[in-house]
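What you see below is based on every heavy atom in this structure, not just the backbone, and it leaves out hydrogens, waters and symmetry mates.
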Amino acid sequence: MDFQLSDDQRALRSGMRDLLGAVFDRDRLRAAVERDGALDRSLWRELGAAGFFALRLPEEAGGVGLGLPEAVLLFEEAGRALLPGPLVATHLAAGLVKGAAEGDAVVTAVAADLPAAHLAEADAVLVVGLPGEVLSGGVPDAEVLSGEALRAFVAAARPVRSADPLTPLHRLAGRTVPTGTPQAYSGALHYEAALLTAAEQLGTAARTTETAVQHAGERHQFGSPIGSFQAVKHLCADMLARTEPARAAVYAAAVTGDPAEIAAAKLLADEAAVRNARDCLQIHGGMGFTWEADVHLHLKRAWLRAASWLTGAGAEELLAADLGEAGRLPRSSAAYGGPVPEAGGGG
C-alpha cells in the first residue's frame, strides 16, 4: 500500500500554502494580535470561497467532495500559518449550519469542561459530548445552538484570560445546555476534531523546526553560525525527529479513522508542537522571548491545542483501553502479584 501523497494532494497542500501566504501574511498575523484575536470576517469568507470549510461536503451539496486525508493537509498548513479562529468547528459544521461551508458563519464548539474559543463572535455553537455521552438535551454526542438558545448560552458564559492572544476564551457555567430541537451526530465528530487539531499541531511542529534551522544558519557567534555548534545541532535534530513520526501518525490516522490511531497521533503531535516551539525559542535565545518574535505565538497556540478535544491523559486512557481489548494475558495474573485492572475509558 502506497502512503505517499498523490500529485493532487501535493497540489492541494501547495495551493493552500500559497493562499495563506497571500491572505494571512505576517502583517495580518500581527494585526490580528493587535485586535486581541478578533476574527477577520473577510478572511473567513476567503477561506470559505477557497473550499476550506466545504472540503469534505459532497459535490452535489456544494462541496469539494474530498476526504479526511485531504482535510488534514489543509489544517497542517493552517497550523503553520498560525491561522486564528474556530477552524475545526466551522469545518465540521459545514452542511449542518447555514453559511458555515461558505465562510459566512463562524461556528465554535464546546467540549467537556474546557473553555470555548471565539464564543462571543460565533453564529452557532456545536455542543459536543464525549463519544457515547448524552447531553442535557437528551441527545448523544452533540447538538447545535443558534438564535435565542445561542444568545442565552453566551450570556451565561464569562470571559477568561487566554494564554494565546489570538484565541479569546469563555468559561461556561456548569455546561448547561438549553433544550430545544437538537441535531445528533456520531461519536466520530469528537475524533475527527481531535485529528484535525493534531494536524494543526503538526503544522506548528514543522514550522518551528524550519524557523529554528533558518535562525541557526543566520545567527553568528564567535565568528561561526550557531548551527555549527553541536548543542544546537542536537536541538534541531531532535525537533525533526519529533516532527516526522508525528506526521506519519497523523497521515495514517486520517486514512484509517481509527480512534486509537487518532489518539496516538494527537499525543505525538501535541508533544512535537509544544517541545519544538520550546526548543525553537531556546535556539533564538533572548530574542525568542520578545513580543516582536513570533516563536512565542506558536508555543502559546500549541499549549491551547494540546488541551483541546483530546488531552494527553484522555488519549493515554483511550490507548490503554484499546490495548486491553486487543489481547489479555495468556496466564493468570496471580504470577504478577495481583489482579490486572481493566483499562480505563477513552478520552
Side-chain angles (χ1 to χ4, degrees), residues 29 33 37 72 75-88 111-112 114-115 117 160-169 191 193-216 231-253 261-291 293-319 347:
L29 169 65
V33 172
V72 157
F75 275 83
E76 181 183 350
E77 293 304 314
R80 286 178 55 92
L82 275 176
L83 194 63
L87 301 166
V88 171
L114 297 173
V160 295
R161 185 174 181 179
S162 173
D164 178 15
L166 290 166
T167 309
L169 299 175
Y191 296 118
L195 180 61
L196 295 177
T197 304
E200 290 182 290
Q201 292 284 64
L202 174 60
T204 281
R207 180 59 179 164
T208 50
T209 299
E210 295 167 7
T211 301
V213 171
Q214 180 180 359
H215 181 76
V232 176
K233 289 180 181 179
H234 286 175
L235 283 175
C236 293
D238 287 344
M239 293 171 73
L240 183 64
R242 284 190 288 266
T243 301
E244 292 310 310
R247 185 188 308 280
V250 169
Y251 287 5
E261 294 196 17
I262 290 174
K266 183 67 160 55
L267 272 175
L268 289 170
D270 284 345
E271 180 186 23
V274 172
R275 293 187 63 183
N276 282 14
R278 290 171 67 97
D279 286 351
C280 182
L281 192 148
Q282 182 175 352
I283 290 172
H284 276 71
M287 186 178 70
F289 287 88
T290 63
W291 188 255
D294 294 337
V295 182
H296 69 98
L297 297 175
H298 278 285
L299 178 58
K300 292 169 181 177
R301 184 72 64 82
W303 279 335
L304 253 62
R305 294 194 202 109
S308 300
W309 295 107
L310 192 58
T311 64
E316 289 169 355
E317 287 292 321
L318 196 152
L319 286 169

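Note that CD1 of I262 and OH of Y191 are 8.5 Å apart. Values are rounded to the nearest 0.5 Å. One finds the NE2 atom of H296 at 9.5 Å from the CG atom of D164 (value rounded to the nearest 0.5 Å). To the nearest 0.5 angstrom, L82 atom CG is 6.0 Å from L29 atom CG. Taking CD1 of I283 as the reference point, atom CD of Q214 lies at 12.5 Å (rounded to 0.5 Å). L281 contributes atom CG, which lies 9.0 Å from atom OG1 of T290 (distance to the nearest 0.5 angstrom). One finds the CG atom of L299 at 10.5 Å from the CG atom of D279 (value rounded to the nearest 0.5 Å).
In plain terms, the two heavy atoms of V250 and A269 that are nearest each other are CG2-CB, 4.3 Å.
Side chains of E76 and Y251: a donor-acceptor N/O pair is present below 3.5 angstrom, by distance only. For the residue pair R242 / T209, no side-chain donor-acceptor distance below 3.5 Å is found, with atom types taken as modelled.
With hydrogens and angles disregarded, no donor-acceptor distance shorter than 3.5 Å links the side chain of H298 to the backbone of D294. Looking at K266, its side chain does come within 3.5 Å of a backbone N or O of L310 through a donor-acceptor pair. Checked by atom type and distance alone, the side chain of T211 pairs as donor or acceptor with a backbone atom of R207 at under 3.5 Å.
Under the 4.5 Å side-chain criterion, counting only non-hydrogen atoms from C-beta, S162 is in contact with L304.
By the 4.0 Å N-to-carboxylate-O rule, E200 lies too far from R301 to be salt-bridged with it.
When T204, D270, T197 are each tested for a side-chain hydrogen bond (donor to acceptor under 3.5 Å, both in side chains) with R305, only one passes: T204.
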